[in-house]
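Here the structure comes first, spelled out in structure tokens, and everything after it is commentary.
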Amino acid sequence: MSTPAHAERSHALLSASKAAQWINCPPSARLQEGIPDKRSEYADEGTVAHELAEIKLRRRILPCDSKERDRLDKALEEIKANKFYGPEMENAIQEYVEIVCERFMEAKARSSDAIVLLEERLDFSEWVPDGYGTGDVVLISDGVLEVIDLKYGKGVPVSAQGNPQIRLYALGAWWSHNWLYSIHEVRMTIIQPRLDNISTAIMPLDELIEWAETVVKPSAALAFAGEGEFKAGDHCRWCKVKGNCRARAEENMKALAYEFKDPALMTNEEIGSILFIAEQLQAWAKDVQDYAFEQAKAGQRVPGWKLVEGRSNRQITDKDAALAVLKAAGLEQEKYLKVDLLGISELEKRIGKKELAALIGDWIVKPPGKPVLVPETDKRPELNSIEQEFSSEDFELE
Ligand code: SF4
């Protein structure tokens, strides 16, 4: 199976996954060069999920001879032995596979000889030096090309609208396979099965190519040369130098210089603006703290700061031995043992979402959440503060 390909997907200087950064802030690419990626449990879990998805799709929609079936079955067994595999992953990936199969059927309805490509290397070096990526799924039918990207994480929903990563995959897919069919429309789909999020952006091919020529190409040339202007923004979130980047610091310091006007008390309009600034500053402050912490851990001095031992809680080193002694002492069990049901997320992970709902769904409720103050752009409906009485302890700022 393609373990290395899944795990080593985005190591190119101008990778598709970092496109929002190098398009908006071209010098960021060279500035991060050589800084190692931080492997996380989430990334490793995502790698296993992608492998599982590939096996299931190969088994389901590609012709397999007995040798290929044996190979896939063996790979599947290996995945099932992986620590990240469980009912939650099985169900989420099965949902993803069903959606991909539906899209493939739609492509076949457009042209009976529609093609599906899995884990295809997509070359967009026509616009980006050394630019290539790996597409989870590419569907090509007469007139329409669709790329599908699986995102296994359940952090934030990712939209396909205006998403440069999936646009680059679409460009690469079109560039490599345009001789197969005449394409006039590209569809770009992001599927996040654990968030029930399916986002599809549709674009005429001409528009995609115009974006590549006028936005991608010039930014990529600057980024490759290590030139262009630094520009801070939302794209800084995944930048490896976000904690010590001067351009980002200057941008945030400008925000701090917010001019307060008379009279002594601020208006609600001013408060609204400051809340946005505060959010941005909080995120930045956390990144600077993380950077300083890493520096201190590596033995680098950050003037005015030092590493100390944090608070810790007492622990029982051998719980079985302690339980045996407490039991032998004749104490009532309630005095030392608490048996409690696991949380719903953990139960779903171990038992599976659908299975858990079938077993105890009647007892799972979602009580109304505490009121939170969020930007107007948030999708949730506004609460009516006149109909509902809130006490001050009920309030949270998200
Ligand atoms: S932190 Fe932001 S502004 Fe600084 S280099 Fe990275 S992307 Fe550019």
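First listed ligand is number 1; within each ligand, the first listed atom is number 1.
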Throw together a table of side-chain donor-acceptor distances under 3.5 angstrom for residues 327-339, partners on residues two or more places apart or in other chains.
none

Protein N/O/S atoms under 2.8 Å from atom 2 (Fe) of ligand 1: how many?
1
Just to verify, what does Arg121 make a side-chain hydrogen bond (donor to acceptor under 3.5 Å, both in side chains) with, not counting sequence neighbours?
none
Find out whether Leu139 and Leu145 are in side-chain contact, i.e. whether some heavy atom of one side chain is under 4.5 Å from a heavy atom of the other.
no
With a 4.0 Å cut-off on N to O distance, would you call Glu346 and Arg350 a salt bridge?
yes
Side chains of Asn163 and Met188: does their closest heavy-atom pair fall under 4.5 Å?
no
By the side-chain hydrogen bond (donor to acceptor under 3.5 Å, both in side chains) test, which pairs, at least two apart or in different chains, include something from residues 284-307?
Asn244-Tyr291, Arg248-Asp287, Lys286-Asp290, Tyr291-Gln295
